[in-house]
There are 2 protein chains.
Amino acid sequence: MAANRAVGKGGAAPLPRYLEIQRDLSAEITSGTWGPGSRVPPEHELQARYQCSRMTVNKALSALAHAGLIVRRRRSGSFVASPTSQQMVLKIHDIQAEVAAAGMSYRFEILDRLVRRPDAEDRARLGRSRSGGRVLALTLVHFANGTPFVHEERLIDLLTVPEAEAEDFSAAPPGSWLLNRVAWTDAEHVIAAIPAEARIAKALAIARKSACLQIERRTWQGGVPVTWALLTYPGDRHRLTSRFGPAQGLMALAAE
Amino acid sequence: MAANRAVGKGGAAPLPRYLEIQRDLSAEITSGTWGPGSRVPPEHELQARYQCSRMTVNKALSALAHAGLIVRRRRSGSFVASPTSQQMVLKIHDIQAEVAAAGMSYRFEILDRLVRRPDAEDRARLGRSRSGGRVLALTLVHFANGTPFVHEERLIDLLTVPEAEAEDFSAAPPGSWLLNRVAWTDAEHVIAAIPAEARIAKALAIARKSACLQIERRTWQGGVPVTWALLTYPGDRHRLTSRFGPAQGLMALAAE
DNA sequence: ACGGTTTATTTGTCTATACATAATCGCGGT
DNA sequence: ACCGCGATTATGTATAGACAAATAAACCGT
């Protein structure tokens, strides 16, 4: 018999079979009917219950495993995972795009620009093991509707991105420029709240020591450092938000 | 012919066929050889190149699409996605577990506890549409090694979690208690930097207006509000970190 | 009772094939 | 030129069957 999901409910949107199974199972799990550690029916049983092939069941279960809702072990079976931690996904947009998306005008100003041999601090910031070469150090401020939006300190490793030395960043800020030029494979983010130091307070036109949200980002390309950025947002003008659901990362699957 | 991946390279770990394809393609993309917008070879072509069935190629491409590295459109083909935004994944641990994991002693203190009919602010905080019922409002402080670690304000919707009213939270703090009792399906996080107001500064034993990292979390169970929490961390004692790679969420796939 | 061997179960991967669906392309009629 | 319609292409979903790998459970000889 060929692919005929004629089993369908009367009308509207005949949800694919594997998504139907996936949804049913994730409902059992997130509703708490099946508690952590309890056993999920094995594939052949679900196959019988849903009257479909094992591959279809497998697709559903693999997706649940990938989303972290269940754990699968050969011969033992599949089990509901214990929710030890919540997971939140933050999308970090390019600053220029972010400002534009909010319908505000964008512009930026480079306060300082320097090419130097990396000192110990620079190497630590870049997450760099090798020595030698040079780095490009930039300080800039991004404006939204004319008011300071975020202060940026950036280091670019010229061993990895030599063409940055000749770039004057008149067309695009270094963040966007890099994003469109260099592929990254690893990134590390640190988020903290800090009081604005004098230099930053002045650049952002806020009071000294007022609360700021600081995002530090390190980026690598296959183990080789690319860039380091320290973004400082006035605390009362910026927040990171993230909506998340259903069930630890399944949303992407359910939406596809 | 049956499943015989005898094509294998001589020795060590015969990586599954679909992962091999996936790795090859993601290498082309993250290395920048295939720039954003460029076309990925169609399935039948990869099938010929790798001498395998279309299902195997499809599995690799679906995974890449799911990871956000490529975009697939029927009839048009698959294309390298434009990296418009970075994605960061933060794991939010239970506070008790987090403190314990750092090898510090843990304890908490409930400063205030009140059951009331929800006012407008409570309803907004919970993301609640229906009216009626009551909420449990709690204020507490968590300590690590005897020093204040985080201040927590919490609302629990007693329409959704009626058993919370009888609970005195002597065994576990409300966050852990809820996590082990109520399944959530949706969550929203907002991260901001704020100056400590007098009440919080006092509870955390820090100076007024000093920078704090604030995490606001709203949790639902299938559209019904469960709880709202406002966690305030002294800025100099806490930071959120996240390591991420390679390539926008593929790490989970590559590791499986 | 103990330790090694066989068996059975469950998941993991793969094939070959089929039909469905979306969307682009080009053809032909007006 | 323009619009509609069929042909083509690429992906999306599904099937039935096969073998591989891991490992828990049963078996068996000492």
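FYI, side chains are in, hydrogens and waters are out, and symmetry mates aren't considered; it's all heavy atoms of this structure. Small disclaimer: the values here were computed from a predicted structure and weren't measured.
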- Query: A:Y106 and A:F143: aromatic ring centres closer than 6.0 Å?
  - Reply: no
- Task: Answer yes or no: is there an ion pair linking A:E43 with A:R72, defined by an N-O contact shorter than 4.0 Å?
- Result: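 Between A:R72 and A:E43 there is a salt bridge, with a charged N closer than 4.0 Å to a carboxylate O.
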- Scan A:R54 against the nucleic acid and name what it touches under 4.0 Å (heavy atoms): base, sugar-phosphate only, or nothing.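 Contact class for A:R54: base.
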- Does C:dT10 have OP1 or OP2 sitting under 4.0 Å from an N or O in the side chain of A:H44? yes
- Note on the structure: The nucleotide from D:dT13, C:dA22, C:dT15 with an atom nearest the side chain of B:R74 is C:dA22
- Can you tell which of C:dC14, C:dT13, C:dT10 lies closest to the side chain of B:R17?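 Taking heavy atoms from C-beta onward, the closest nucleotide is C:dC14.
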- Item | Result of checking A:Q22, A:R17, A:R23 against A:E20 for side-chain hydrogen bond (donor to acceptor under 3.5 Å, both in side chains) |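 The passing option is A:R17.
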- Item | Closest nucleotide among D:dA24, D:dT15, C:dT13 to the A:S53 side chain |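 That would be D:dT15.
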- Query: How many Å lie between CG on B:N58 and C1' on C:dC14, as a whole number?
  - Reply: 13 Å
- Item | Nearest-angstrom distance from the residue atom CZ of B:R73 to C1' of C:dA23 |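 The answer, rounded to whole Å, is 10 Å.
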- Less than 3.5 Å between a donor and an acceptor, one on the side chain of A:R75 and one on the base of C:dT10, is that the case here? no
- Note on the structure: Taken to the nearest whole Å, OH/A:Y50 to C1'/D:dA16 is 21 Å
- Query: Think B:Y18 has a side-chain N or O under 4.0 angstrom from the OP1 or OP2 of C:dT13?
  - Reply: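 So the side-chain polar atoms of B:Y18 do come within 4.0 Å of the phosphate oxygens OP1 or OP2 of C:dT13, strictly under.
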- Message: Of the options D:dA24, D:dA10, D:dA14, whose atoms approach the side-chain atoms of A:S76 most closely?
- Response: D:dA24
- If only side-chain N and O atoms of A:S78 are considered, is one of them under 4.0 Å from the OP1 or OP2 phosphate oxygen of C:dT11? yes
- Message: What is the distance, to the nearest angstrom, from the CG atom on B:L61 to the C1' atom on D:dT9?
- Response: 16 Å
- Task: Using atom CD of B:E43 as one end and atom P of C:dA16 as the other, report the distance to the nearest whole Å.
- Result: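 Result: 15 Å.
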- Could you state the CZ-P distance from B:R72 to D:dA10, rounded to the nearest angstrom?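 That distance rounds to 12 Å.
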- Message: Is there a side-chain contact between A:K59 and the phosphate of D:dT13, meaning an N or O under 4.0 Å from OP1 or OP2?
- Response: yes
- Task: For the pair B:D157 and B:R130, find out whether any cationic side-chain nitrogen is under 4.0 Å from an anionic carboxylate oxygen.
- Result: yes
- Closest listed nucleotide, where the reference is the side chain of A:M55 and the choices are C:dC14, D:dA10, D:dT9: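 Looking only at heavy atoms from C-beta outward on A:M55, the closest nucleotide is C:dC14.
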- Please confirm whether the backbone N or O of B:P36 pairs with a side-chain atom of B:S82, one donor and one acceptor, at under 3.5 Å?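 Judged by distance alone, no pair lies under 3.5 Å.
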- Among D:dT15, C:dA23, C:dT11, the one nearest A:C52 by side-chain distance: D:dT15
- Message: Just N and O in the side chain of A:R39: are any of them under 4.0 Å from OP1 or OP2 of C:dT10?
- Response: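 So the side-chain polar atoms of A:R39 do come within 4.0 Å of the phosphate oxygens OP1 or OP2 of C:dT10, strictly under.
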- Atom CD1 of A:I21 and atom C1' of D:dA14: how far apart are they, to the nearest Å? 11 Å
- Taking CD from A:E45 and C1' from C:dT10, how many angstroms apart are they, rounded to a whole number? 12 Å
- Task: State, to 0.1 Å, how close B:L126 and B:W228 come at their nearest heavy-atom pair, and which atoms those are.
- Result: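 In this case the closest contact between B:L126 and B:W228 is CD2-N, 3.8 Å.
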